[in-house]
Amino acid sequence: MATKVEVFTSPTCPHCPAAVQVVDEAKAKLGDAIDVELKSIADEEGRQAAINYGIMAVPAIAINNEIQFIGAPSLEELLEKLE
């Protein structure tokens with residue numbers, strides 16, 4: 001079963017592209033072992049999911065329904081949490 005990775009972003013966030021990039025790099029390395037969902041807090045579904053997690057800042061990354069990072073981690077930090 002693939003590990004679920006949710007990336008919470010905002011269109012105006014200057015740090016969010018770095019979080020998306022590091023998750024993309026992890027996806028390239030791990031392939032189908034992870035299932036990535038990008039969720040923007042600018043739309044209702046993403047905003048509601050962020051509220052449900054109690055996210056107060058973006059970027060935020062949840063792994064298997066648990067917030068693991070607020071801010072963009074390094075590739076090494078992310079891979080460590082995914083293993």
Side-chain angles (χ1 to χ4, degrees):
M1 184 168 144
T3 300
K4 180 179 171 186
V5 179
E6 295 167 282
V7 185
F8 291 87
T9 63
S10 166
T12 58
C13 168
H15 305 289
C16 288
V20 172
Q21 180 181 344
V22 76
V23 170
D24 285 346
E25 290 173 18
K27 176 71 174 168
K29 192 174 192 95
L30 299 174
D32 291 339
I34 64 172
D35 180 26
V36 177
E37 289 181 48
L38 300 180
K39 296 191 175 186
S40 173
I41 62 165
D43 66 52
E44 186 56 38
E45 182 185 339
R47 184 172 30 259
Q48 194 56 54
I51 290 168
N52 291 345
Y53 278 120
I55 293 170
M56 302 298 286
V58 290
I61 299 174
I63 299 173
N64 287 334
N65 303 313
E66 232 179 89
I67 297 299
Q68 296 292 333
F69 298 100
I70 300 294
S74 70
L75 180 59
E76 293 75 24
E77 289 170 324
L78 180 59
L79 290 173
E80 188 176 298
K81 287 282 186 184
L82 290 168
E83 290 174 356

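FYI, side chains are in, hydrogens and waters are out, and symmetry mates aren't considered; it's all heavy atoms of this structure.
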Quiz item: So, the side chain of Lys39 versus the backbone of Glu45: is there a donor-acceptor pair under 3.5 Å, distance only?
Solution: no
Quiz item: Considering all heavy atoms of both residues, which atom of Cys16 and which atom of Ser10 are nearest to each other, and what is their separation?
Solution: SG-N, 3.6 Å
Quiz item: Do you know which two heavy atoms are closest between Cys13 and Pro17, and how far apart they sit?
Solution: O-CD, 3.5 Å
Quiz prompt | Heavy-atom neighbours of Glu37 CD exceed 12 at 6.0 Å | solution = yes
Quiz item: Cluster question for you: counting only ILVMFWY and a side-chain heavy-atom cut-off of under 4.5 Å, with indirect links fine, are Val7 and Leu82 together?
Solution: yes
Quiz item: Could you state the interatomic distance from NZ (Lys29) to CG (Leu75), rounded to the nearest 0.5 Å?
Solution: 6.5 Å
Exercise. Starting from the C-alpha separation in whole Å, work towards a yes-or-no answer on side-chain contact (heavy atoms from CB on, under 4.5 Å) for Asp32 and Lys27.
Key: CA-CA 8 Å; Asp32 291 339; Lys27 176 71 174 168; 4.1 Å; yes
Quiz item: Side chain of Asp35, backbone of Thr3: donor and acceptor closer than 3.5 Å?
Solution: no
Quiz item: What closest approach, in Å, do Ala19 and Pro59 show between heavy atoms, and which atom pair accounts for it?
Solution: CB-CB, 3.5 Å
Quiz item: Do Ile34 and Ile63 have side chains that get closer than 4.5 Å, going by heavy atoms?
Solution: no
Quiz item: Should Ile70 and Ile61 be regarded as members of a common hydrophobic cluster, given that ILVMFWY residues are connected when their side-chain heavy atoms come within less than 4.5 Å of each other, either directly or indirectly?
Solution: no
Quiz item: Do the non-hydrogen side-chain atoms of Val58 and Thr9 ever get within less than 4.5 Å of each other?
Solution: no
Quiz item: Do Val23 and Leu38 come within less than 4.5 Å of each other through their side chains, counting heavy atoms only?
Solution: no
Quiz: residues 46-54 side-chain donor-acceptor pairs under 3.5 angstrom, not counting sequence neighbours:
from	atom 1	to	atom 2	distance (Å)
Arg47	NH1	Ile41	O	2.8
Arg47	NH2	Glu44	OE1	3.2
Gln48	NE2	Asn52	OD1	3.3
Asn52	ND2	Gln48	O	3.4
Tyr53	OH	Glu6	OE1	2.4
Tyr53	OH	Asn65	OD1	3.3

